[in-house]
Amino acid sequence: MRRAIVRGTGHYLPERVVENSWFEDKLDTTDEWIRARTGIERRHFAAEGQRTSDLGTRAAQAALAKAGLTPADIDAVIVATSTPDLTFPSVATMVQAGLGMTRGFAYDIQAVCAGFVFALANADAMIRAGLAERVLVIGAETFSRIMDWTDRGTCVLFGDGAGAVVLEAAEGAGTAQDRGILATDLNSDGQYRELLYVDGGVASTGTAGHLRMQGNLVFRHAVEKLAETAHHALDKAGIATEEVDWLVPHQANLRIIEATAKRMHLPMEKVVLTVADHGNTSAASIPLALSVADSQGRFKPGDVLVAEAIGGGLAWGAAVLRW
């Protein structure tokens, strides 16, 4: 069986670091309030003129370097983002050009915070089908561009960044002991779209709009749906929860992450956490966390990882892979 294995990871964060204290003279909030409710301590904001494609290109270059590959070795680029540079063309084609690629194909996926999991599933399916040998999968966001800076319930949560993985085809035995992506589980339910959305768009207001969120309801759905989708993906892979070495969750809120881990009966020692330093980077958060943990040498060959995320739509999903 053809499997999609992780050949390399990489990430990029803008140079500007914004501590919680930056909000204190702008909003009715404090560093203590933000930390207590979210676990976030700081985040990165893109510089003026710095675009989502710029972040994605830098993360892709880092992943290629880690993999020991060049852009010429890549067949496809998939970018998960909700904050594209332009309405079109896709961010992926801009990354493709930024890498100097003149072959292959590139496209974006928009599933908000769950976007990277959706992109990972797309890349896995293409590799299994023989449509590509190596795929760059990127999550990149500049959420600071769609914040309402008067809304303390949202603007303190988000940051900018990008993460990338290089997936490569490899032969496996077709068992749960194979390396690579073993199973994915994707879901969406549009009846909940008003819980988390942006109030602008090409066909509605002609503006980018601002992010709007009903935080309490999103929290409730997140805890329930994240654990559920993770268990579904594990069942598809034929792996028991006790065999999971690492949970790599969407880094939205520490309380959500802790509640999800508890529902999965996983100790926090098995959870990769970057939310304190990055905030919620939407589709970039899982690949960022993967790359950071990988660079720290935390993943060992044969480790079982579960990645899961939920975002606007609502859209949610999980992926199980063996390192």
Open item on the list: Under 4.0 Å between a side-chain nitrogen and a carboxylate oxygen: does that hold for E133 and R2?
Closed with: yes
Task: Flag side-chain contact, heavy atom, 4.5 Å: I109 against F116 - done: no
Open item on the list: If I compare all heavy atoms of E243 with all of G238, which pair ends up nearest, and what's the gap?
Closed with: OE2-O, 4.5 Å
Task: Between N20 and R43: side-chain donor-acceptor atoms closer than 3.5 Å - done: yes
Open item on the list: Can you see whether T281 engages E141 through a side-chain donor-acceptor pair at a distance of less than 3.5 angstrom?
Closed with: no
Open item on the list: Looking at G190, is its backbone amide N or carbonyl O close enough to the side chain of R193 to form a donor-acceptor pair, meaning the two atoms are under 3.5 Å apart?
Closed with: yes
Open item on the list: Quick check: do T184 and L120 have side-chain heavy atoms less than 4.5 Å from each other?
Closed with: no
Task: Polar side-chain atom of S285 near backbone of S282 as donor-acceptor pair, under 3.5 Å - done: yes
TODO: Taking K236 for its side chain and H232 for its backbone only, find out whether a donor-acceptor pair lies under 3.5 Å.
DONE: no
Task: Under 3.5 Å donor-acceptor, T38 side chain and I34 backbone - done: yes
Open item on the list: Quick check on side chain to side chain contact (heavy atoms under 4.5 Å, CB included): which of L290, D245, V6 does F299 satisfy it with?
Closed with: L290
Open item on the list: Measuring only between side-chain heavy atoms, which start at C-beta, is R35 closer than 4.5 Å to E41?
Closed with: yes
Task: Donor-acceptor contact present, side-chain D148 to main-chain H210, <3.5 Å - done: no
Open item on the list: Could you check whether atom CD of E194 has more than 12 heavy atoms from other residues, nucleotides or ligands sitting under 6.0 Å from it?
Closed with: no
Task: Donor + acceptor pair across side chains of S53, D85 (<3.5 Å) - done: yes
TODO: Mind checking the OG1-CG spacing from T70 to L99? Nearest 0.5 Å is all I need.
DONE: 10.0 Å
Open item on the list: Quick one: does any side-chain atom of Q50 pair with a main-chain N or O of A47 as donor and acceptor, under 3.5 Å?
Closed with: yes
TODO: Classify the side-chain pair T142/S144 by whether it contains a donor and acceptor separated by less than 3.5 Å.
DONE: no
Show me the side-chain donor-acceptor pairs of residues 264-279 shorter than 3.5 Å, one per line, residues at least two apart or across chains.
{"residue": "K270", "atom": "NZ", "partner": "V244", "partner atom": "O", "Å": "3.1"}
{"residue": "D277", "atom": "OD1", "partner": "R42", "partner atom": "NH1", "Å": "2.4"}

- [ ] With rounding to the nearest 0.5 Å, note down the distance linking CG in N280 to SG in C113.
- [x] 4.5 Å
Open item on the list: Tell me whether Q296 at atom CD has more than 12 heavy atoms from other residues, nucleotides or ligands lying less than 6.0 Å away.
Closed with: yes
- [ ] Measure the CG-CE distance between L211 and M147 for me, rounded to the nearest 0.5 Å.
- [x] 4.5 Å
TODO: Might you point out which heavy atoms bring A140 and T81 nearest each other, and give the distance in Å?
DONE: O-OG1, 2.7 Å
- [ ] Given side chain to side chain contact (heavy atoms under 4.5 Å, CB included), test H221 with L195 step by step and report yes or no.
- [x] CA-CA 10 Å; H221 280 281; L195 299 187; 3.5 Å; yes
TODO: Apply side chain to side chain contact (heavy atoms under 4.5 Å, CB included) to I78 and V135, showing your working.
DONE: CA-CA 7 Å; I78 306 175; V135 182; 4.0 Å; yes
Open item on the list: Closer than 3.5 angstrom, by distance alone: can the side chain of Q61 be matched with the main-chain N or O of A63 as a donor-acceptor pair?
Closed with: no
TODO: Assess R152 against W33: is NZ or CZ under 6.0 Å from the centre of the six-membered ring, and within 45 degrees of the ring's axis?
DONE: yes
Open item on the list: I'd like to check R128 versus M1 (side-chain heavy atoms, cut-off strictly below 4.5 Å). Are they in contact?
Closed with: yes
Task: Side chains of V117 and L186 in contact at under 4.5 Å (non-hydrogen atoms) - done: yes
- [ ] For atom CZ of R298, decide whether the heavy atoms of other residues, nucleotides or ligands shown that lie under 6.0 angstrom number more than 12.
- [x] yes
Task: Within 45° cone and under 6.0 Å: R322 NZ/CZ vs W246 ring - done: no
Task: Worked check of side chain to side chain contact (heavy atoms under 4.5 Å, CB included) between F105 and M126 - done: CA-CA 12 Å; F105 55 96; M126 285 196 298; 3.6 Å; yes
Task: Sidechain-backbone polar pair: R145 side chain, T83 backbone, donor-acceptor under 3.5 Å - done: no
TODO: Examine the side chains of D294 and T9 and answer whether a donor and an acceptor come within less than 3.5 Å of each other.
DONE: yes
Open item on the list: Could you check, using the six-membered ring where one of them is a Trp, whether W149 and F45 have ring centers closer than 6.0 angstrom?
Closed with: yes
- [ ] Determine whether more than 12 heavy atoms belonging to other residues, nucleotides or ligands lie under 6.0 Å from atom CD of Q191.
- [x] yes
Open item on the list: Using 0.5 Å steps for rounding, measure from the OG1 atom of T52 to the CG atom of D160.
Closed with: 7.5 Å
Open item on the list: I'd like to check L305 versus D303 (side-chain heavy atoms, cut-off strictly below 4.5 Å). Are they in contact?
Closed with: yes
TODO: Indicate yes or no for a side-chain donor-acceptor contact from R7 to the backbone of V166 under 3.5 Å, with no hydrogens or angles considered.
DONE: no
Task: N/O donor-acceptor pair under 3.5 Å between D108 side chain and A92 backbone - done: yes
- [ ] Start with the C-alpha distance between D199 and R212, add both sets of side-chain angles, then the distance that settles salt bridge (charged side-chain N to carboxylate O under 4.0 Å, His left out), and finish with yes or no.
- [x] CA-CA 7 Å; D199 61 4; R212 306 299 179 193; 3.0 Å; yes
Task: Side-chain donor-acceptor contact under 3.5 Å, N122 with Y107 - done: yes
Task: Gap between atom CG of L13 and atom CG of L288 - 0.5 Å precision - done: 5.0 Å
- [ ] Answer yes or no: is there a side-chain heavy-atom contact under 4.5 Å between D189 and W316?
- [x] yes
TODO: Establish whether L226 and L254 are linked, either directly or via other cluster members, by ILVMFWY side-chain heavy-atom contacts under 4.5 Å.
DONE: yes
TODO: With the side chain counted from C-beta on, respond yes when C155 and L27 share a heavy-atom pair under 4.5 Å apart, and no when they do not.
DONE: yes
Open item on the list: With no hydrogens and no angle check, just 3.5 Å: does a side-chain donor-acceptor pair link D185 and N187?
Closed with: yes
